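Scroll down for the structure; my scribbles are underneath it.
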Amino acid sequence: MKKSLVFVVSILMMLSMILSACVQKVEETTEAPAGEELAVGIVLPTKDEPRWIQDETRFKDALGKAGYAVEILFSQGDSAKEKENVEALITKGVKVLIICPQDSTAAAAAAEAARAAGVKVVSYDRLITDTDAVDYYVTFDSIAVGEAQAQYLVDKATGTGLPLYLYAGAASDNNAFLFFEGAWNKLQPKIADGTFVIKNSAEAIALQDKATLTRDEMGKIIGQITTNWDFNVAKNLAESNLTATTAADKGEVFILAPNDGTARAIADAFGADKDVTKYWVTGQDAEIASVQYIIDGKQSMTVLKDVRTLVADAIAAAVAFLEGKTPAQTHTYNNGVIEVPAKPSAVVSVDQANVKAAIVDSGYYTADKFTGLEEIGAEEPVAELGEVLKIGQIGMMSGAMALYGQQQQRGFELGLEYMSGGLTDDQGRYIIANRPVEVIVKDDEGNPEKAVSLALELIEKDGVELLQGPVSSASAIALTTVALENKIILMVDPAASYFTTGAYFNPYVFRTARTSFDDTLIIAKYLVENVGPNFAHIGVDNAFGQGSGAALKYSVEKFGGQLVADIYAPFETTDFTPYIQQAMDSGAENLFLTWSGTGYVTLFQGLSDMGTLEDMTVGTGFGDNVSFGAVFPEETLNSIGLNVYHYTVPENEVNDWLVENHLTKYNEYPDLFTAGGMASAIALAKALEATGGDATGDVMIPALEGLQFEGPKGTYHIRPEDHVCEQPMNILRLVNLTPDKDGDGINEYEFFETIYVSEFDELGVPCTLAGDYAARCGDLPTIPVP
Ligand code: BGC
């Protein structure tokens, strides 16, 4: 047995604090003293494949320098050894076992032994099958891996009758089936239509007309094309396939290779065959040697599975278990006995075109590991464009909130321009992930029924693949069902109600819009600390107003205050006297307003006439620039407000670009919801880049979940659990009401002084998922669902 590796770990501050209660400190590196109590044991399959050395390295990086003992053991491809490793860790007292099984079924016995000893079992990368003794599964989206590989081959294929050679992983690894299933999803239609002809598997040929295969059927094919995850097996199999076929079966060939190690072996075999004029070969893992092969043109692509993410998820799961909590869950995987909770991570397709950006510029590996990085792609042929991607944008282009619809639309279009780098097709459509994008804009007039019928028409008649918008929260809530029923992504912005990612959540609903909690959390903190603890609220009587009222109550109480009067008035209200009177009679020092559109003018007029602005501190959202002067009277100067976006606030490159380009295009500065439209476009484009342009709902979900990106407000993060988009928020002071202060004919709207800008992850917006989805909240703060 190889000497176990014991290393000293220090995790990020947070983790060390949590673990410190559970694990004893180890002095310095090297061996843990005999009998030392370990909290977490890690068992990996083999040191003979660079993939698993990557994981070991990334675990060490994450766990760091000073602090805690974690032991990593390798099973060297032997299930008996694996079981011994697990037993050794149990004896040492581990509380959590992170294990990547050598053989999915055989590992059940080891998992059961751990379970019997009270140890939580986290299945790592590969699922342990046929037992209930698995508590959690950290994984990548393995079907997406196979799909990315096959899609690559499909994208490179022109003509018909192209020779296709199939290879697979080890049949003892559940992942091998998932990878193959994903690949079959994309390849089978192209085999059926004659683009590809399978050359090396009679079993696959026999099943080539079936769009979906059973596990047994896949087992038959894999039995014929397995590499057993072994380079030598892969090389020998490729060579014997090449011997068995004739020159007519070669020429330009397409090869599905399951991972990097086997891809290099197979590529070497095909490269050495004089009848092979060109080969396209897939891989996965972004092993250093394969990245070099890609740079050198010897391997076509790899699928980057960012091991840092997997390691972080595994550590987060271990910490959750150590704390007696449940790790975050977004999916389940059936292991033959139970549905194992899991949170799969997205993968990225990498070839010469993006290898530098995805591998080196992203910080995954340093440039010094490779040669020839700078020269690649010089004579790359221009990729043929993919199909036009239609996006349905539902806004409010008429009526009370028409300005918001316009901001949303302009921002979205500029976001597409920004992400495309200005690249368009011959019809001027921006190109994202190699697909020209056409945006079809519809006006729902703020009417939820209309929003639904427009969305259905967009999907059914126009063939849109993604939905964005709307302005009205009521419409947004109505659209969640359309997204679910059509399995199509709805990217909500600017509608702010938290219900879309709360009570009405489904996995197809995402947002870049802030929630009403972002609004109330930031302002509540400021007012409680600076004015007083008691609040009254006047809100518009709809989903937006009520959501905001509930959020205000939560936020005020979080900072030690209380909501003493919660008052709602209809959207059409023209005389606010009774509502304002009620607020004034409540004795609160603070009055918070949730309104939208031009009704603000009447409301503020009432507040001014009744002397409320002198008696109470009125806090509200500082809204759009265009109606600002008309809405906010002189009396409001010096007041404090929260703000979602004002172009003068953020200091970052994306905002600079937005301001400059908006000004050039429209001779105006961007406004309140322009940033949101742009953020929606950036998030969708980033996800499309990750999926290789595949906009299918189920493919986009893992690419959007956990997405962190830079947008006009700074850093945004889409929480994987509930799809809330964490983002910076502003507290501003109103210092001027003249739009064109310098009188040059262009309104600068320099109304504000910045008081405070929160970090994207600072406010702790609660997770409000309900019913079956409530469990997804994991470790996020929650509130009792109203
Ligand atoms: C992993 C791959 C790896 C393969 C061979 C699979 O289960 O997901 O990343 O290349 O095993 O070790």
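When a ligand or atom number is given, it counts from 1 through the structure's own listing order. Below, each value reflects all heavy atoms present in this structure, side chains not excepted, and no hydrogens, waters or symmetry copies. None of these values were measured; they are calculated from a predicted model.
Judged by distance alone, with hydrogens and angles left aside, the side-chain atoms of Asp260 form a donor-acceptor pair with the main-chain N or O of Glu287 at under 3.5 Å. Remark: side-chain polar atoms of Thr46 are not paired, donor with acceptor, to backbone N or O of Gln76 under 3.5 angstrom. Under the 3.5 Å distance criterion, the side-chain polar atoms of Thr139 are left unmatched by any main-chain donor or acceptor of Pro344.
Under the 3.5 Å distance criterion, with hydrogens and angles disregarded, no donor-acceptor pair is assigned to the side chains of Glu252 and Thr277. Checked by atom type, the side-chain pair Asp125/Asn175 shows a donor-acceptor distance below 3.5 Å.
Against a heavy-atom cut-off of under 4.0 Å, Arg126 is close to the following atoms of ligand 1: 4 (C), 5 (C), 6 (C), 7 (O), 11 (O), 12 (O). Near Phe179, meaning under 4.0 Å from one of its heavy atoms, ligand 1 places the atoms 8 (O). Distances below 4.0 Å separate heavy atoms of Asp173 from the following atoms of ligand 1: 6 (C), 7 (O), 11 (O). Counting atoms of ligand 1 from 1 in the listed order, those under 4.0 Å from a heavy atom of Asn259 are 3 (C), 4 (C), 5 (C), 10 (O). Close contacts of ligand 1 with Lys305, meaning ligand atoms under 4.0 Å from a residue heavy atom, involve 1 (C), 2 (C), 8 (O), 9 (O).
The proximity of Tyr124 to ligand 1, defined as any non-hydrogen pair under 4.0 Å, does not occur for either the backbone or the side chain. With a 4.0 Å cut-off on non-hydrogen atoms, Trp52 touches ligand 1 through its side chain and not its backbone.
Heavy-atom minimum distance, Ala234 versus Ala265: CB-CB, 4.2 Å.
The closest side-chain heavy-atom distance from Val122 to Phe321 is below 4.5 Å. Using a 4.5 Å heavy-atom threshold, the side chains of Lys305 and Val145 count as touching.
Scanning all protein heavy atoms for the shortest distance to atom 4 (C) of ligand 1 gives Trp229 CE2, 3.5 Å. From the protein, the heavy atom lying nearest to atom 8 (O) of ligand 1 is Asp125 OD1, 2.6 Å. Of the protein's non-hydrogen atoms, the one nearest atom 12 (O) of ligand 1 is Glu49 OE1, 2.5 Å. Of all protein heavy atoms, the one lying nearest to atom 10 (O) of ligand 1 is Asp285 OD2, 2.5 Å.
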